[in-house]
Engineer: 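I have a structure here, written as C-alpha cells, and I will follow up with some questions on it.
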There are 2 protein chains.
Amino acid sequence: MSHQTEADRVLRSLGGACIEHDPDVLRSVLDRVGDKWSLILIGLLGKGPMRFTELLRTAPGISRRMLTLTLRSLERDGLVKRLIYPEIPPRVEYEVTPFGRSLSEPVLALTRWAADNQETIRTNRRAFDEAAGLDIDDLD
Amino acid sequence: MSHQTEADRVLRSLGGACIEHDPDVLRSVLDRVGDKWSLILIGLLGKGPMRFTELLRTAPGISRRMLTLTLRSLERDGLVKRLIYPEIPPRVEYEVTPFGRSLSEPVLALTRWAADNQETIRTNRRAFDEAAGLDIDDLD
DNA sequence: CTGGATCCTTTCAGATACTG
DNA sequence: CAGTATCTGAAAGGATCCAG
C-alpha cells in the first residue's frame, strides 16, 4: 500500500529533487489551498495590497463571510499579512507575504495551463457528451 | 468591477505571454480539477496505466463511487483515457492522455511547493494559534 | 468599513446494496 | 472485476442581522 511513497522517500533522500506525485503530499496542499477561494485571493493579492471591500468587489461571486474566513486561514498559514490602520472609518489592507508569493508562482503556472486549454476542454466535453447521447439513441 | 480583467486582456493582446492571475480563468481550472480527487488521480496515473481496483487501493481513502465519478469527469475532459479489454473477468485500464500529462506538469510544481513548505505552514499555524490564545488569556 | 454570529440551503461524499 | 443506484450524514457556503 505504501510502496510508492516509500520509493519516493528513498529517491528524495538520494537526489532531493525528485518527489514525484506523492498522493499524501498532494492531498495536504489541496486541503490547504484547494478550496473555492484561496488561490483566487492569492492571485488577486499578487498584484498588490488590497482592502477588504476591494477584494469583495474584485473576486467574482465571493460572499463577505467566505472572504473573511478565507483571509483568516491564509493569514494563519502565513501566506497573507493583515495590515490594520486604526482610523475612522477603519481601514484594513491585505498583502501577500514573500511566502505567499512563492506559492503564487506554481499557481500562475496552473492559471496559464487553464488559459491555454480552456477551449480544448470545451471541445472534448462536447465530443464526449455527444458520443454518450449517440450511445443511447443509436442502439440499432 | 472588470478593470483588472480588462487590463489583463490588453496585456495579453500585446505581449501574449502575460496573462497574470485572471480570477475567472483560475476559477475555471479550479472547478475542473480543484475537487478532492482529480489531481490525485492525474498524479497516480502519471506513473503509468492502472486498473480500477488498483487505483482504489492506491489512492488513500477514495471510495468506489468517487473513483468512478472522478474518472468519468477526467475522461470527459480528455485528460484520461479508458481502455476496455472485453475479457472475463472484465479488465479496464486508465491512462493519462498527452493532454492530461500537460496538466501533470503544473500540478507537479504545486506538489513540489507543498513538499517544500509543509513544515513552514505547520510552524506558522502554531504561531498564529498560540498568538490567538494569548489574545484571549492575556487581556491585562 | 470591517467584520463576527446565526440560520438555512445546497452540495459533497461515504456506506451499502445490487448488476453485467 | 468494474461499475451503478439510492440513501443519508457532513460540510461548504450564501443570506441576513448585529457590532466595533
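Every value quoted in this text rests on a predicted model; they were computed, and no experiment measured them. Atom set for the values below is all heavy atoms of this structure, side chains included, hydrogens, waters and symmetry mates excluded. Each chain gets a letter, A, B and so on, in the order its sequence line appears, and its residues count up from 1.
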Engineer: Closer than 4.0 Å, any side-chain N/O of B/Arg72 to the OP1 or OP2 of D/dG3?
Structural biologist: yes

Engineer: With a cut-off of less than 4.0 Å, is there a side-chain N or O of A/Lys36 near OP1 or OP2 of D/dG14?
Structural biologist: yes

Engineer: OP1 or OP2 of D/dG3 versus the side-chain N and O atoms of B/Tyr94: is any pair under 4.0 Å?
Structural biologist: yes

Engineer: So which one's nearest nucleotide on DNA chain D is more toward 5', B/Arg65 or B/Thr53?
Structural biologist: B/Thr53

Engineer: Do A/Val96 and A/Leu69 share a hydrophobic cluster (ILVMFWY, side-chain heavy atoms under 4.5 Å, transitive)?
Structural biologist: yes

Engineer: Under 4.0 Å between a side-chain N/O of A/Arg64 and OP1 or OP2 of D/dG13, yes or no?
Structural biologist: no

Engineer: Nearest 0.5 Å please: distance from the CH2 atom of A/Trp113 over to the OG atom of B/Ser104.
Structural biologist: 10.5 Å

Engineer: So if I apply the side chain to side chain contact (heavy atoms under 4.5 Å, CB included) rule between A/Leu103 and each of A/Leu79, A/Leu74, A/Leu108, A/Asp77, which one comes out positive?
Structural biologist: A/Leu79

Engineer: Under 4.0 Å between a side-chain N/O of B/Arg82 and OP1 or OP2 of D/dG3, yes or no?
Structural biologist: yes

Engineer: Regarding A/Arg51, tell me which of base, sugar-phosphate or nothing describes its non-hydrogen contacts under 4.0 Å with the strands shown.
Structural biologist: sugar-phosphate

Engineer: Have a look at A/Thr68 and say if it touches a base, only the backbone sugar-phosphate, or nothing, with a 4.0 Å heavy-atom cut-off.
Structural biologist: sugar-phosphate

Engineer: Name the residue from B/Arg64, B/Arg57, B/Glu93, B/Arg82 that meets the side chain to side chain contact (heavy atoms under 4.5 Å, CB included) definition with B/Phe52.
Structural biologist: B/Arg64

